[in-house]
Amino acid sequence: MTRFILKRLASLVLLLAAVSFITFTLFQLGPSDPAAASCGQECTPERVAEARVALGMDKPFLVQYLQYLSGFFSARTIGAPGAESICVWPCLGKSFQTNENVTDIIARSLPYTLSIASGALVLWTVVGVGLGLVAAIKKGRLADKAIVAGASVGVSLPIPVTGLFLLIVFVNQFHLLPFTSNAVVVPWGPAGPGSWIVNYLLPWVALAVLFSASYIRVTRTSMIETFSEDFMRTARAKGLAPRTVVFRHGVRAGITPVVTMLGMDIGLLLGGAVLTEQIFSVPGLGFTAVRAAVAGDLPVTMAITMLAAFFVITANVVVDIAYAAIDPRVRLS
Amino acid sequence: MTHASMETSSRPARGAAPFLDVRGLTVQFPTDDGVASAVNGVDFSIERGSILGIVGESGSGKSVTSQALMGLLKGTSAKVGGQALFDGVDLVALSEAEMRRLRGQRIGMIFQDPLSALHPLYTVGRQIAEAYTVHHRATRAQARKAAVDMLGRVGIPNPEQRFDEYPHQFSGGMRQRAMIAMALICEPELLIADEPTTALDVTVQAQILDLMLELQAETQSALILITHDLGVVAEVCENVLVMYGGQCVEAGPVDEIFYRTQHPYTLGLLSSMPTLGGRQERLTPIPGQPPSLLDLPSGCLFSDRCPAASLVPDRRCRTERPLLVTEGGHSRRCHLPIDQLATLPASR
Ligand SMILES: Nc1ncnc2c1ncn2[C@@H]1O[C@H](COP(=O)(O)OP(=O)(O)O)[C@@H](O)[C@H]1O
Ligand SMILES: [Mg+2]
């Protein structure tokens with residue numbers, strides 16, 4: 001097991017390195033010229049040339065990448081010779097717009113994204129897995145049919161639709177909930193966990209409606225399949241209580257596809273729930289990335305893209321390890 | 001339900017009710033295409049310490065019958081009818097909760113494929129210990145000890161160490177030994193084994209069968225052995241029940257059934273055996289298909305395939321369902337049992 005984990009972690013490091021290189025290449029060689037982007041509106045060819053030097057773009061490509069990479073490990077200097085400034089560790093470059101260290105921008109946005117992701121995740125997992133399980137147990141009955149119908153509606157509701165609907169009903173019409181405030185960032189902030197929950201409830205629900213629907217489907221399918229397995233009959237033949245049969249024997253075996261899905265979704269969501277953050281104006285990673293992209297602020301967009309890819313890859317490895325923990329056939333082969 | 005009371009009832013007085021007495025058992029499954037009548041009248045009885053063989057082509061309702069007896073169809077859409085008096089208690093009428101106390105405790109079951117019947121994610125030992133703790137107040141250590149002892153009794157080497165291994169680390173034969181350990185750990189008085197060796201390597205089939213017989217003899221439990229193998233039935237069973245289309249078509253002591261066969265279907269089964277005692281995978285004795293369970297013929301269920309059906313006057317085999325007739329302990333469900341063939345008018 002330990003060897004398995006070490007191997008997966010080693011491959012994780014290699015993958016992350018590869019992803020950083022690919023992202024860097026795409027952004028540097030992409031259609032928009034970083035130098036032109038960095039000097040803003042009224043650019044003369046001379047100023048673009050200056051900017052090239054300031055950004056280190058006169059150096060060979062590989063050197064540029066290694067310079068960028070060195071910021072992961074130590075502080076480095078950025079800017080044209082004579083006008084250099086320090087970019088403190090960990091350095092992901094500086095924003096073209098504000099000259100702020102990109103790391104600081106990310107550190108400011110990440111808690112918003114985490115707030116949205118964590119609550120939504122718990123909500124949709126509980127609702128999705130719970131209803132999926134109920135549907136599987138009540139297969140073919142009214143409860144099952146209602147849940148399946150609800151899920152097919154949920155799947156077809158895009159986040160902007162649900163989000164706007166929630167805003168109109170709960171905020172504009174009935175004033176039951178406040179519009180999301182950027183002052184509340186973490187549950188242990190001065191406003192307290194209660195107002196944190198109230199503040200993020202609508203984004204959570206908007207995400208959960210969509211995601212629960214697919215979790216209901218996956219859980220239901222997987223559990224129905226598991227319930228027909230021979231070992232479930234064995235469990236009943238032992239004289240176990242129905243509750244034990246369903247949870248200890250059924251859920252334990254049928255939950256694997258849900259774990260996989262959860263890992264993927266966590267990875268994706270940590271990279272920023274772009275639509276949700278836009279609609280509820282929450283300045284998380286997704287919101288920030290979109291803004292930076294519109295303004296041509298390449299260092300910020302690149303760093304967030306890289307970070308999002310890191311999250312997805314890391315989540316994949318965590319899922320692999322979780323698999324081994326769940327299934328002895330993986331662990332012991 | 002103490003052991004003392006079981007002891008006393010294990011020697012029934014002459015004429016007392018049998019230990020398990022099944023009368024007119026029926027099972028119907030509602031399906032999308034209509035009602036599937038999987039079991040249409042099964043009658044048999046079995047005493048403690050004896051072995052009953054159930055044979056019949058696949059699809060003849062053997063497994064469904066055993067599931068009905070175990071109460072595994074309770075809480076599903078299946079409709080179970082008839083009566084199954086187990087030590088005086090009707091299993092068909094019991095609620096799921098009442099049945100649960102009997103399952104594993106007084107009635108044990110061994111399934112066909114031990115790999116799929118064991119949970120892949122729990123250790124073999126834990127699964128056996130669980131079967132023990134359901135019915136006994138026991139600490140974790142006590143349950144472990146009981147399971148290790150049982151693993152030893154079913155002939156698994158290093159039971160202490162193999163307790164902590166998973167099913168996929170066991171061989172097929174060892175897995176079935178583990179299943180037997182699980183079924184027997186509470187010392188059930190009735191054991192139902194549904195084709196316990198069919199999924200195993202030919203080389204270990206005899207070992208597993210011998211083990212089951214040995215433990216059955218030790219505990220003096222009643223054993224229902226469902227099998228495709230008439231050779232095994234001839235060797236080990238006292239009584240045999242032949243099933244066709246979910247019905248008991250012939251039943252009685254093994255010698256009666258094998259040497260004074262009354263039902264043409266049984267005769268077909270017997271003559272499909274290469275040699276008595278020879279083992280084979282599947283019985284496909286008589287040309288033709290079993291009747292559709294969704295639309296059973298109104299006459300004898302076997303009439304479509306029966307070589308003798310045309311000999312009976314007035315198309316009786318097509319129009320009238322034969323009843324189960326018992327003479328001298330030998331039951332058959334046939335309008336023209338083989339010993340009556342000679343009585344047919346010569347003009348026919
Ligand atoms: N849950 C079910 N729903 C519908 N039909 C079933 C169900 N279980 C078994 N059957 C049908 O009942 C018949 C008898 O099956 P079974 O008892 O498994 O036969 P076997 O004698 O081979 O063990 C088969 O035709 C099977 O298709
Ligand atoms: Mg069967």
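Convention: sequence-line order gives letters A, B, ...; per-chain numbering from 1.
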Q: Under 4.5 Å heavy-atom distance to chain B, tell me which part of A:Ala241 shows up: side chain, backbone, both or neither.
A: both
Q: Find out whether the Lys NZ or Arg CZ of A:Arg252 is both under 6.0 angstrom from the six-membered ring centre of B:Tyr122 and within 45° of the ring's axis.
A: yes
Q. More than 12 non-hydrogen atoms from neighbouring residues, nucleotides or ligands closer than 6.0 Å to CD on B:Glu96, yes or no?
A. yes
Q: Over all heavy atoms of both residues, which pair between B:Arg100 and A:Pro242 is shortest? Give the atoms and the distance, please.
A: NH1-CD, 3.2 Å
Q) So with a 6.0 Å cut-off around CZ of A:Phe72, is the heavy-atom count from everything else above 12? A) yes
Q) Distance from B:Leu121 atom CG to A:Ile255 atom CD1, nearest 0.5 Å? A) 12.0 Å
Q. Hey, is CG on A:Leu6 packed in by over 12 heavy atoms from elsewhere, all under 6.0 Å?
A. yes
Q. Looking at A:Met232, A:Glu229, A:Arg233, which makes the most heavy-atom pairs under 4.5 Å with chain B?
A. A:Arg233
Q: Could you check which of B:His135, B:Met99, B:Gln67, B:Met109 has the highest count of heavy-atom pairs closer than 4.5 Å to chain A?
A: B:His135
Q: With A:Pro328 as reference, evaluate B:Glu165, B:His168, B:Gln169 under the side-chain contact (heavy atoms from CB on, under 4.5 Å) test and give the passing residue.
A: B:His168
**Q.** Sub-4.5 Å side-chain heavy-atom contact between B:Tyr132 and A:Lys238
**A.** no
Q. Which atoms form the tightest heavy-atom contact between A:Ala237 and B:Leu72, and what is the distance?
A. N-CD2, 4.0 Å
Q | Contact class of A:Arg331 relative to chain B, heavy atoms under 4.5 angstrom | A | side chain
Q: Would you check if the side chain of A:Arg329 reaches a backbone N or O of B:Pro120 as a donor-acceptor pair within less than 3.5 Å?
A: no
Q. Among B:Ala131, B:Ala117, B:Pro188, who wins on heavy-atom pairs under 4.5 Å with chain A?
A. B:Ala117
Q: Report the distance from atom CZ of B:Phe111 to atom CG of A:Asp230, rounding to the nearest 0.5 Å.
A: 8.0 Å
Q) Going through the distances and angles, do A:Leu332 and B:Tyr166 end up as a side-chain contact (heavy atoms from CB on, under 4.5 Å)? A) CA-CA 9 Å; A:Leu332 299 169; B:Tyr166 290 90; 3.6 Å; yes
Q. Hey, which of B:Glu130, B:His119, B:Gln127 is the one that makes side-chain hydrogen bond (donor to acceptor under 3.5 Å, both in side chains) with A:His249?
A. B:Glu130
Q) Within a strict 4.5 Å, meaning less than it, do heavy atoms of the B:Met179 and A:Thr234 side chains meet? A) yes
